[in-house]
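These notes concern the structure reproduced below.
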There are 2 protein chains.
Amino acid sequence: MSPPLATSAPEATTYPFPRPALTVDCVVFGLDDEGLKVLLIERELEPFRGQWALPGGFVRVGEGLEQAARRELAEETGLGPGLSPHAPTFFLEQLFTFGDPRRDPREHTVSVAFFALVNIRDHAIRAATDARDARWVAIDAPRALAFDHDHILAVALARLRGKLRYQPIGFELLPPRFTLTELQRLYETVLGTSLDKRNFRKKILALGFVVETGELEEGVRRRRARLYRFDEARYRALEREGFSLWI
Amino acid sequence: MSPPLATSAPEATTYPFPRPALTVDCVVFGLDDEGLKVLLIERELEPFRGQWALPGGFVRVGEGLEQAARRELAEETGLGPGLSPHAPTFFLEQLFTFGDPRRDPREHTVSVAFFALVNIRDHAIRAATDARDARWVAIDAPRALAFDHDHILAVALARLRGKLRYQPIGFELLPPRFTLTELQRLYETVLGTSLDKRNFRKKILALGFVVETGELEEGVRRRRARLYRFDEARYRALEREGFSLWI
DNA sequence: GCAAAAGTGTTGAAGGTACACCCATGT
DNA sequence: ACATGGGTGTACCTTCAACACTTTTGC
């Protein structure tokens, strides 16, 4: 039996058997004043043509997983450096790999899922390539996504909630300067709880890596709130000393 | 271009491009009186023939990821129901997926890594198939493993340490009945810290899911210690009430 | 002056940490 | 009787949770 795949490696050592297909899928969360949203595309191609799905696609030979995820996001939704040249980078990390042989009706397809957090206002989106449309959809809207994407989304949401409690990732969903009330609303929205304003502010400021900028909110028809930012250098310093964050 | 793979799905919808190979690798931790160990195999085949590596291998079409991991473990190390018919099941969960295109010199190979915890005494091991040897190796012994397995092992160890602090997985490394001193030594060994005996016992017992069996240690030439067990039902009940574990 | 959100301290309860000696058993 | 590890309680301190009013601004 000869290797079925073109490759530059010596033929004698390549693996000569059929193999599952490999894809990446991205769960991109964003926050606006309506609540937590996820970025979905409407599929242009079969299977599940016309249905909503997570952005994603096949991993190319020679391509890293995160690289594939960013490429698919850019291609299908415009998220990334192409569409808004000054768009900041965004948080992206591996979530889980879904490998049920029946999750894709075509054939056995293993998907490495990623989860991303973006500040909606700074990232324009636009459908392209094999996406007919791309939209921010409320996390609690009823959905029936293609493949096992409802399941992947549920896992991502659980991870977001879990992680928010012990890692400073909430800032990724906010603009670089934010008010403490915005930050508190983020925690309340994502965790589905309500928090005491005084205790929240005390705790956040005691952590030491959320610092005042000296600036005030603008364009608001009431008392202007102070703006804060996440000080990553301070966070890393504290992390090295082994402190614990626990909201 | 026609699909290069044999598959039962309709040809028109399968993905007709070269794809990375897909493997699983397992980081199996165990604990004995010398300390924390990891289960390694000596490779019988190229590449890296004769070198030590994590047990693992190619995922077959139609096979789930965890299923592939358990199959490879059984084949290469004897771990699982085959070798010791009464061996208990063991903890196995997905760790991370490693996809650097250069991690395998043959060709682009993506590996889904798993991490497992077993009670060494209850699980016999025996090398087979493409493993020349299989051994428990001290975690802090100098190693130069095949592929990127040193890196995978480092990630697994970080995960074990992190997880031990907020999830009751340490019990998976101990026999079903254990003394509190054994449990404390486990935490100290894995976390690399030393803990106060009185405070440790107070805390563990206050959690409520480590319960006395009424039995005493045997075969020991000193005062016999009480035996405890992990009460999974109680743990799940407490978990549902939303308590927090923090060693 | 009123509506709307910003900002601010104290107190009591619970939990965490530090610390040293007696007990049971085998040799 | 001595060596080995098993088993126990208290005092202090830190952290967490509950709780309500004054300030600023725009209309």
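Residue numbers begin at 1 in each chain, while the letters A, B, ... track the order of the sequences.
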For a quick check of understanding: with a heavy-atom distance under 4.0 Å over all strands, which category does [X] fall into, base, sugar-phosphate or nothing?
X: B/R221; answer: sugar-phosphate
X: B/T179; answer: nothing
X: B/R201; answer: base

Are the ring centres of A/F178 and A/F171 closer than 6.0 Å?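 Yes, ring centres under 6.0 Å apart.
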Output the rounded distance in Å from [atom1] ([X]) to [atom2] ([N]).
X: B/R222; N: D/dA1; atom1: CZ; atom2: P; result: 24 Å
X: B/E218; N: C/dT25; atom1: CD; atom2: C1'; result: 14 Å
X: A/N199; N: C/dG7; atom1: CG; atom2: C1'; result: 14 Å
X: A/R198; N: C/dA5; atom1: CZ; atom2: P; result: 18 Å
X: A/E217; N: D/dG26; atom1: CD; atom2: C1'; result: 13 Å
X: B/D196; N: C/dG16; atom1: CG; atom2: C1'; result: 11 Å
X: A/L183; N: C/dG7; atom1: CG; atom2: P; result: 13 Å
X: A/K202; N: D/dT14; atom1: NZ; atom2: C1'; result: 13 Å

If you assign A/R223 and B/K197 each to the DNA chain D nucleotide with the nearest heavy atom, which residue ends up on the more 5' nucleotide?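 Residue closer to the 5' terminus by nearest nucleotide: B/K197.
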Under 4.0 Å between a side-chain N or O of A/R224 and OP1 or OP2 of D/dG26? yes
Could you tell me whether the phosphate oxygens of D/dG5, OP1 or OP2, come under 4.0 Å of any side-chain nitrogen or oxygen in B/R185? no
Checking the side chain of A/H149 only, and the main-chain atoms of A/L54 only, is there a donor and an acceptor separated by less than 3.5 Å? yes
Any donor-acceptor pair under 3.5 Å from B/D231 side chain to B/V210 backbone: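 Looks like no, no N/O pair under 3.5 Å.
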Please verify the inter-ring angle class for B/Y166 with A/Y166; under 30° counts as parallel, over 60° as perpendicular, anything in between as tilted.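 Tilted, since the angle between the ring planes falls between 30° and 60°.
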